[in-house]
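Here the structure is laid out as structure tokens; the discussion comes afterwards.
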Amino acid sequence: MDPQSQTTSLQRLQNVEKRIVRVLELAGGVMEEMANPSGPRNELVNSHCSEFMQSVKDIQMTLRDEIKSACEYRPFEKCDYVSRISNEICCKKLEYVLAQLDEMKQTIEEYGDAA
């Protein structure tokens, strides 16, 4: 993750935290309304419950996305170690093949000179 996406991820998680506080306030408001001696106001309870349920769904979706994003994070994804080592091995193999070809060339020249 680059620093910018980390910042936005942290900001999204901070917004989730604020929404959780709001959800708790809604739940507390419903509890207060239910405890009201004159009886609960249905419109207020329905409004709070609807907002509560929608907020919980939004929180779940955001957290699910953040977890998925965190699981996809691969810090060594841009590391070129494997390709560099592979290239070095290939170079060593080529050096070995060239050395063998040089030896074969010398052997052929020696047989040519002897004949």
Side-chain angles (χ1 to χ4, degrees):
M1 280 186 204
D2 57 15
Q4 187 176 13
S5 67
Q6 285 180 340
T7 302
T8 57
S9 179
L10 290 175
Q11 288 172 344
R12 285 190 296 267
L13 291 174
Q14 286 174 340
N15 288 336
V16 165
E17 185 178 6
K18 290 175 186 174
R19 284 187 277 167
I20 289 172
V21 170
R22 175 65 184 148
V23 163
L24 294 173
E25 289 171 349
L26 289 169
V30 169
M31 295 302 290
E32 285 178 1
E33 196 59 35
M34 297 299 252
N36 191 348
S38 61
R41 293 175 284 184
N42 287 336
E43 301 83 26
L44 184 67
V45 171
N46 286 337
S47 170
H48 280 1
C49 287
S50 295
E51 187 178 345
F52 176 90
M53 292 305 291
Q54 186 59 47
S55 293
V56 168
K57 286 180 186 177
D58 293 343
I59 290 167
Q60 285 177 329
M61 285 185 358
T62 303
L63 290 176
R64 188 177 302 123
D65 291 342
E66 290 304 312
I67 291 169
K68 182 179 176 186
S69 174
C71 291
E72 292 172 352
Y73 174 58
R74 292 179 182 87
F76 301 109
E77 187 173 78
K78 295 182 181 177
C79 179
D80 65 344
Y81 175 78
V82 173
S83 58
R84 281 188 305 135
I85 294 299
S86 179
N87 286 338
E88 287 182 33
I89 291 171
C90 287
C91 286
K92 294 294 182 187
K93 286 179 180 179
L94 284 173
E95 288 174 7
Y96 178 76
V97 168
L98 289 173
Q100 293 296 314
L101 288 173
D102 284 341
E103 287 180 21
M104 289 172 64
K105 183 179 176 184
Q106 285 178 352
T107 303
I108 291 172
E109 288 174 353
E110 287 174 7
Y111 280 117
D113 291 341

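This structure is a prediction, so every number in the text was calculated from the model and none was measured.
No side-chain heavy atom of Asn36 sits under 4.5 Å from any side-chain heavy atom of Glu32. When side chains are defined from C-beta on, Thr8 counts as touching Arg12, because their heavy atoms get closer than 4.5 Å.
By the salt bridge (charged side-chain N to carboxylate O under 4.0 Å, His left out) test, Arg19 pairs with no residue at all, sequence neighbours left out.
For the atom pair OG (Ser83) and CG (Asn87), the distance works out to 6.0 Å, reported to the nearest 0.5 Å. Atoms CD1 and CD, on Ile59 and Glu17 in that order, are 11.0 Å from each other to the nearest 0.5 Å. Distance check: Asn15 CG to Leu10 CG gives 11.0 Å after rounding to the nearest 0.5 Å.
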Side-chain donor-acceptor contacts of residues 94-104 below 3.5 Å, not counting sequence neighbours, with atom names and distances?
from: Tyr96; atom 1: OH; to: Gln100; atom 2: NE2; distance (Å): 3.4

Less than 3.5 Å apart, which donor and acceptor atoms pair up between the side chains of residues 48-55 and the rest of the protein, not counting sequence neighbours?
from: Ser50; atom 1: OG; to: Asn46; atom 2: O; distance (Å): 3.0
from: Glu51; atom 1: OE1; to: Arg22; atom 2: NH2; distance (Å): 3.3
from: Glu51; atom 1: OE2; to: Arg22; atom 2: NE; distance (Å): 3.1
from: Glu51; atom 1: OE2; to: Arg22; atom 2: NH2; distance (Å): 3.3
from: Gln54; atom 1: NE2; to: Asp58; atom 2: OD1; distance (Å): 3.0
from: Ser55; atom 1: OG; to: Glu51; atom 2: O; distance (Å): 2.9

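The cluster map of Ile, Leu, Val, Met, Phe, Trp and Tyr, joined by side-chain heavy atoms under 4.5 Å apart, puts Tyr81 and Ile89 in the same cluster. Leu26 and Met31 are members of different hydrophobic clusters when ILVMFWY side chains are connected at heavy-atom separations under 4.5 Å. Linking ILVMFWY side-chain heavy atoms closer than 4.5 Å, directly or via other members, places Val23 and Leu63 in a single hydrophobic cluster.
When every heavy atom of Glu33 is checked against every heavy atom of Gly39, the shortest pair comes out as OE2-O, 4.0 Å.
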